[in-house]
Amino acid sequence: MVFSHESFVEAARAAAAGPKATQAVRSLLKQVLADPKAVASAVPSQAEDEILLFEDETVSIWNCRFQPDVVMPPHEHKMDAHIGVFRGAEKNILFRREDGVLRHVATKTVHPGEVFSIGPDGVHAVTGDGGKPSQALHVYLGPLTRVRRGLFDWVTGAEIDFTMENFDRMKMPPDRLPVF
Ligand SMILES: [Fe+2]
C-alpha cells in the first residue's frame with residue numbers, strides 16, 4: 001500500500017488504542033518503514049520541520065525533520081516515544097537525570113527503516129546526523145502538547161519549563177555542544 005500521512009495516522013491510532021500499545025506501535029513503524037525510500041518519496045514536501053499529524057488523549061503523531069546544523073535541546077516527553085526514521089539519520093543524544101545533573105548515557109543514531117523507543121523518563125537532544133536533514137515519524141503514547149514537561153540546561157542540567165520560546169532559545173549548533 002502506498003504510504004500516506006492519513007493512512008499512517010489511522011493505523012497508529014488503532015495501534016496506540018490497544019492493550020499492547022508499545023508493541024503494536026513499534027511493529028507498525030517497522031512494517032511501514034520496511035521500504036523507507038517508498039515512504040520518503042510518498043511524503044509530501046513540507047515547509048515546516050515538525051508537523052503535528054494528529055493528537056488526542058491517547059496518541060500524538062508527528063512528522064519530524066531535524067537539520068544537521070542545529071541540535072534540539074535536551075527534553076523529556078513524560079510518555080513513551082517511538083521514532084521511525086525514513087530519510088537521513090536521526091542522532092539521539094541520550095541523558096539520565098542524576099541528582100539534578102544531566103548525565104550523558106549514550107548516543108544512538110537511527111537510520112532509515114530503524115525504530116527507536118524512549119521511555120517516559122528518558123531525556124534526549126536530537127539532530128540530523130551526517131550533514132543532511134533527517135526525517136522520521138514520531139508516535140507518542142499520550143497528548144504531547146498538553147502535558148507539562150521539561151527542558152534541561154545543556155551545562156547545569158537544571159529543569160526549565162518546556163515552552164517554544166525556551167526550546168528555540170536553547171537550540172545549539174553542533175560545534176558548540178558541551179563535552180559530556
Ligand atoms: Fe523528543
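Counting starts at 1 for both ligands and their atoms, following the listed order.
Within the 4.5 Å cutoff, the side chain of Val126 has no heavy atoms near those of the Lys91 side chain. Two residues are said to be in side-chain contact when any heavy atoms from C-beta on lie closer than 4.5 Å; Arg13 and Val59 meet this criterion. Looking at heavy atoms from C-beta onward, Val39 lies out of side-chain contact with Phe8 at the 4.5 angstrom threshold. Side-chain contact between Glu50 and Arg65 is absent, with no heavy-atom pair separated by less than 4.5 Å.
His138 and His82 form no side-chain donor-acceptor contact under 3.5 Å, judged by distance and modelled atom types alone.
Of all protein N/O/S atoms, those lying under 2.8 Å from the Fe ion (ligand 1) come to 3.
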Test side-chain contact (heavy atoms from CB on, under 4.5 Å) on Leu144 and Arg149; report intermediate values, then the result.
CA-CA 9 Å; Leu144 189 66; Arg149 58 192 178 111; 3.7 Å; yes
